[in-house]
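Residue numbering restarts at 1 for every chain, and letters A, B, ... go by the order of the sequence lines.
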2 protein chains.
Amino acid sequence: MKLSDDKIKTILRQNGCKATPQRLTIIKEFARSDKFLRPADLYDKLKQDHPDIGMVTVYRVLGLLDRLGLVCKVHAGGDCHSYKINTAEHHHHLLCSNCRTVINFPCDEPDLEELEAKITRETGFTIKTHILEFVGYCPGCK
Amino acid sequence: MKLSDDKIKTILRQNGCKATPQRLTIIKEFARSDKFLRPADLYDKLKQDHPDIGMVTVYRVLGLLDRLGLVCKVHAGGDCHSYKINTAEHHHHLLCSNCRTVINFPCDEPDLEELEAKITRETGFTIKTHILEFVGYCPGCK
DNA sequence: GTAGGTGCAAATCGTTTGCAGTACA
DNA sequence: TGTACTGCAAACGATTTGCACCTAC
């Protein structure tokens, strides 16, 4: 995920939010990582170079990104409440339970749609969305 | 899920645990529900008829059931940390986001295995397990 | 200039733990 | 009888909130 200052500023302003230096710093640091992070993980990463940014602000920025649909929650592998930045289409996660790396893969499997159709037929449920995550070890951690 | 007193007692004793009335009450109440419940939800259900049972005991029984593999966590729809009782094989969940009903469906889809194989081939990940949950509205809540 | 954002400290929520008393096996 | 279980209260960690100050626009 690559996000320039300008791009972040544009996104924030388009949503009626101010582009403060704290927000830019937090979002850039978050986007730089290919891991899934808890708020405290992100705060730790920031602390070294930006000791002036408080944990509360990290929470508020993550909450903001969540409301704007720019993050997705990661369930498996972590303790829940982990986040990964996201500007892509609907997709799924491939998680390394050792190093916490996340790889996205697109949700273009016709099989899943067929499974949804089958479930709807058999149970009468109206399916709105789904969660699909795979957990294992990435090539580097094997 | 139907669990008689005797069945619960047997399970507990087989695992070296004492069959106390609190445990029987909590497990029966839990098994009676087809919804996914947070510890507090379960405690609330019990409070009416069993005001003598404390929240701490609910937590300890849920932890015990978790260690025995008799519950599964539900991620979508709730705030995480919701549980559903479970004595079945590996399966997936179909969740009603209105009434919190859970329907299990078996994990016998050959498509999923094929998808896993494909992902392994393309990414080099070793996949250990997965989460798959569908969220929507049950026939009654539509 | 003003609305919105930040940082601190305190409050709050969910969960776990220490300990003394209780009850199952 | 002895060990495991329970309930209370207190501790704990993660997250949210109140408030005074600050700053982007």
Please determine whether a side-chain nitrogen of the Lys or Arg among Arg100(A) and Asp41(A) lies less than 4.0 Å from a carboxylate oxygen of the Asp or Glu.
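Yes.
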Approximate separation, where rounding is to 0.5 Å, of [X] [atom1] and [Y] [atom2]:
X         : Y         : atom1 : atom2 : answer
Ile103(A) : Leu95(A)  : CD1   : CG    : 9.5 Å
Leu94(B)  : Thr101(B) : CG    : OG1   : 10.0 Å
Glu113(B) : Glu116(B) : CD    : CD    : 7.5 Å

Atom of Ser97(B), atom of Tyr137(B) and distance for their closest heavy-atom approach
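What the structure gives for the nearest pair is OG-CE2, 3.5 Å.
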Any idea which heavy atoms bring Ile26(B) and Leu42(B) closest together, and the distance?
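Heavy atoms only, the tightest pair is CG2-CD2, 4.1 Å.
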With a strict under 4.0 Å distance from non-hydrogen atoms of chain A, what nucleotide opens and what nucleotide closes the contacted stretch of DNA chain C, reading 5' to 3'?
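With heavy atoms of chain A under 4.0 Å away, the range is dA3(C) to dA9(C).
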Go through the structure and list residues passing ring pair (Phe, Tyr, Trp, His ring centres under 6.0 Å) with His93(A), not counting sequence neighbours.
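Result, ring pair (Phe, Tyr, Trp, His ring centres under 6.0 Å) vs His93(A): His91(A).
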Test of understanding: with ring pair (Phe, Tyr, Trp, His ring centres under 6.0 Å), list the residues that count as partners of Phe134(B), not counting sequence neighbours.
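Phe134(B) satisfies ring pair (Phe, Tyr, Trp, His ring centres under 6.0 Å) with His130(A), Phe105(B) only.
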Donor-acceptor pair, side chain of Glu133(A) and main chain of His75(A), under 3.5 angstrom:
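Present.
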Tyr83(A) backbone acceptor or donor facing Arg38(A) side chain under 3.5 Å
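No.
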Using a heavy-atom distance cut-off of less than 4.0 Å, which residues of residues 13-22 of chain B contact DNA chain C?
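Going residue by residue through residues 13-22 of chain B, the ones with a heavy atom under 4.0 Å of DNA chain C turn out to be Arg13(B), Lys18(B), Ala19(B), Pro21(B).
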Looking at residues at least two apart in the chain, or sitting in another chain, which of them share a side-chain hydrogen bond (donor to acceptor under 3.5 Å, both in side chains) with Asp66(A)?
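Partners of Asp66(A) by the side-chain hydrogen bond (donor to acceptor under 3.5 Å, both in side chains) criterion, ordered by chain and then number, come out as Lys73(A).
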Output all residues satisfying side-chain hydrogen bond (donor to acceptor under 3.5 Å, both in side chains) with Thr20(A), sequence neighbours left out; order by chain, then residue number.
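Expected list: none.
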Show the atom names and distances, to 0.1 Å, of all donor-acceptor pairs under 3.5 Å that link a side chain in residues 43-53 of chain B to residues at least two apart or in another chain.
| residue | atom | partner | partner atom | Å |
| --- | --- | --- | --- | --- |
| Asp44(B) | OD1 | Lys47(B) | NZ | 3.4 |

Given axes from five pairs at either end, by how many degrees does the helix from dG1(C)-dC25(D) to dA25(C)-dT1(D) bend, rounded to 10°?
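Comparing the first five pairs with the last five, the axes sit 40° apart.
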Restricting to salt bridge (Lys or Arg N to Asp or Glu O under 4.0 Å), what partner residues turn up for Lys128(B), sequence neighbours left out?
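Per chain and number, Lys128(B) pairs via salt bridge (Lys or Arg N to Asp or Glu O under 4.0 Å) with no residue.
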Table please: side-chain donor-acceptor pairs of residues 7-16 of chain A below 3.5 Å, with sequence neighbours left out.
| residue | atom | partner | partner atom | Å |
| --- | --- | --- | --- | --- |
| Thr10(A) | OG1 | Asp6(A) | O | 2.7 |
| Asn15(A) | ND2 | Ile11(A) | O | 2.8 |

Identify, residue by residue, the members of residues 60-71 of chain B with a heavy atom below 4.0 Å from DNA chain D, and return them in order of residue number, or none.
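Going residue by residue through residues 60-71 of chain B, the ones with a heavy atom under 4.0 Å of DNA chain D turn out to be Arg60(B).
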Please list, by residue number, the residues of residues 38-54 of chain B whose heavy atoms come closer than 4.0 Å to an atom of DNA chain D; answer none if no residue qualifies.
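Within residues 38-54 of chain B, the residues near DNA chain D are Asp52(B), Ile53(B), Gly54(B).
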